[in-house]
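Nothing here was measured: the structure is a model prediction, and the numbers come from that model. Excluded from the calculations below are hydrogen atoms, water molecules and symmetry mates; all remaining heavy atoms, backbone and side chain alike, are included. Note that ligands are numbered from 1 as they come in the structure, with each ligand's atoms numbered from 1 the same way.
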Amino acid sequence: MDTYNELEIICSSCTILKDVPMKEHTTMKVGGKADLMIIPDSISSIQKIIAFLSTTNIPYLVIGNGSNLIFHDTGYNGVIVKIGTPLSDIEVFDDIIIAEAGASLAHVANTALEHSLTGLEFASGIPGSMGGAVYMNAGAYDGEMKQVVIETLCLDNEGNLITLKNDEHNFSYRHSRIQDDNLTCLQVKMKLEKGEKHKIQTRMNELNARRRKKQPLNYPSAGSIFKRPPGTYAGMLVDNCGLRGTKIGGAQVSDKHCGFIVNTGNATAEDIISLIKYVQETVYKNSGIWLELEVKIIGGC
Ligand SMILES: Cc1cc2nc3c(=O)[nH]c(=O)nc-3n(C[C@H](O)[C@H](O)[C@H](O)COP(=O)(O)OP(=O)(O)OC[C@H]3O[C@@H](n4cnc5c(N)ncnc54)[C@H](O)[C@@H]3O)c2cc1C
């Protein structure tokens with residue numbers, strides 16, 4: 001029996017797709033096809049899917065909104081487990097929000113606003129899912145997931161459920177234990193504070209206006225390509241090398257924000273990856289600093 005049929009038996013109510021163009025599931029809008037994609041509709045179905053894929057040694061990758069991912073043009077030989085809309089419930093109990101991993105950060109931040117809860121304003125413009133945000137310890141404007149997460153419900157790669165308390169996540173800059181232990185994040189419990197709705201709304205508007213002013217939001221991208229090096233800024237180092245606006249094929253160092261590489265319309269993953277390497281090498285020659293990737297590049301071997 002092939003993997004598609006096995007997955008159908010494991011979860012007949014899940015959406016299962018073949019030969020899926022990953023450019024349609026990532027904000028960079030590049031990348032070849034994944035053999036299979038399954039979109040689970042319950043925590044118990046994810047448990048069974050991950051246990052099956054692990055024990056049969058079928059390569060798999062859990063994704064959320066694809067806003068921090070670049071897939072090679074050759075695609076992905078394996079199964080993409082996309083945690084999205086069917087797992088996006090959000091519940092509010094006083095100052096606690098419990099969100100499933102597929103809920104979008106923007107939706108969760110807006111729910112906090114509706115309930116006059118403060119603490120998630122920083123997240124309202126980050127285009128990721130809750131699962132991806134905890135995995136990355138996503139953050140902006142002095143806020144990060146570490147500050148609001150109380151605990152998460154995760155799966156290990158044998159399909160066992162585990163609960164991690166905040167300090168068990170080993171959160172640091174754009175890093176969490178979920179990366180090290182190859183866990184799947186299913187649900188996130190956050191504690192916020194009671195606030196004033198108009199102040200929360202004003203802060204969100206302010207931060208989103210800053211984003212629109214500084215970031216090339218009119219082009220496909222994966223946000224900041226590089227992590228912030230200690231004591232300086234990636235965008236500044238790139239700009240200092242005269243790389244603003246540099247193009248390879250359809251990939252371009254944004255002329256609005258040099259920490260972003262944008263797809264000007266017809267970029268291939270190869271264009272994007274070649275430009276990333278060119279920027280890393282040029283910055284290294286110029287400053288002695290090697291820019292580490294914030295985005296994850298998938299496939300290609
Ligand atoms: C325009 C733009 C602006 C951005 N601004 C910011 C910003 O201000 N701050 C910031 O931190 N980031 C920013 N990002 C990057 C990105 O939005 C974040 O990293 C986000 O948290 C990724 O979430 P995602 O659901 O899209 O994850 P994906 O891109 O789908 O996946 C990212 C990684 O997380 C893993 N993953 C995803 N879901 C799960 C899960 N449920 N369980 C386990 N692993 C999982 C994937 O395997 C992958 O390794 C920006 C991106 C764009 C395009």
Side-chain angles (χ1 to χ4, degrees), residues 22 25-31 34 37 39-40 43 46 49-50 59-71 76 78-85 87-88 99-109 121-146 149 152-157 162 164 169 171-188 207-208 210-212 214-228 254 256-257 259-263 293-299:
M22 290 312 296
H25 294 271
T26 53
T27 55
M28 187 58 107
K29 305 275 175 235
V30 296
M37 174 181 282
I39 307 178
I43 286 179
I46 303 185
I49 292 161
I50 301 286
Y60 70 91
L61 179 73
V62 175
I63 71 164
N65 197 40
S67 62
N68 203 43
L69 290 173
I70 296 167
F71 280 84
Y76 183 73
V79 180
I80 299 292
V81 181
K82 177 165 172 150
I83 302 189
T85 318
L87 273 166
S88 58
E100 288 185 323
S104 78
L105 272 179
H107 192 186
V108 177
E121 293 87 330
F122 77 89
S124 72
I126 302 177
S129 65
M130 285 309 298
V134 174
Y135 179 99
M136 290 301 296
N137 186 24
Y141 308 113
D142 297 328
E144 55 181 354
M145 293 308 293
K146 177 186 177 175
V149 170
T152 58
L153 179 66
C154 296
L155 266 186
D156 67 18
N157 52 18
I162 52 172
L164 295 182
H169 287 79
F171 281 125
S172 59
Y173 173 65
R174 300 298 172 266
H175 166 267
S176 75
R177 173 178 162 192
I178 297 186
Q179 301 175 16
D180 305 333
D181 292 358
N182 195 21
L183 303 176
T184 299
C185 176
L186 302 173
Q187 196 182 63
V188 186
L207 297 182
N208 287 328
R210 270 160 78 174
R211 244 176 223 284
R212 284 192 299 275
K214 294 257 165 77
Q215 299 182 358
L217 301 182
N218 48 337
Y219 286 105
S221 81
S224 298
I225 291 286
F226 307 107
K227 289 186 180 172
R228 197 178 57 230
S254 165
K256 195 166 180 184
H257 185 319
F260 279 56
I261 286 180
V262 296
N263 177 352
L293 289 183
E294 179 167 324
V295 294
K296 313 277 176 201
I297 297 178
I298 309 293

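- With a 4.0 Å heavy-atom cut-off, ligand 1 is reached by no atom of Leu105.
- Between Asn68 and ligand 1, an N or O atom pair is found at a separation short of 3.5 Å.
- Any N or O atom pair closer than 3.5 Å counts here, and Ser129 shares at least one such pair with ligand 1.
- Only the backbone of Ala222 comes within 4.0 Å of ligand 1, counting heavy atoms alone; no side-chain atom from C-beta on gets that close.
- Note on ring orientation: taking the six-membered ring where Trp is involved, the planes of Phe171 and His169 are parallel (angle under 30°, cut-offs 30° and 60°).
- Checked by distance only, ligand 1 and Ile83 stay at 3.5 Å or farther apart across all their nitrogen or oxygen atoms.
- In terms of polar-atom proximity, defined here as any N/O pair under 3.5 Å, Arg211 does make such a contact with ligand 1.
- Using a 4.0 Å cut-off between heavy atoms, Leu183 contacts ligand 1 through its backbone alone, with no side-chain atom that close.
- Judged by the shortest distance from any of its heavy atoms, Arg174 lies inside the 4.0 Å radius around the atoms of ligand 1.
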task = Before giving the answer on side chain to side chain donor-acceptor pair (under 3.5 Å), spell out for Ser104 and Asn65 the whole-Å C-alpha distance, their side-chain angles and the decisive distance to 0.1 Å.
result = CA-CA 8 Å; Ser104 78; Asn65 197 40; over 6 Å; no
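- Looking from atom 47 (O) of ligand 1 to the surrounding protein, the closest heavy atom is Val62 O, 2.6 Å.
- Residue Thr184 has no N or O atom closer than 3.5 Å to an N or O atom of ligand 1.
- Considering backbone and side-chain N/O atoms, Gln215 never comes within less than 3.5 Å of an N/O atom of ligand 1.
- Formation of a donor-acceptor pair under 3.5 Å by the Arg174 side chain with backbone atoms of Gly139 is found in this model.
- For ligand 1 and Ala140, the ligand atoms under 4.0 Å from any heavy atom of the residue are 8 (O).
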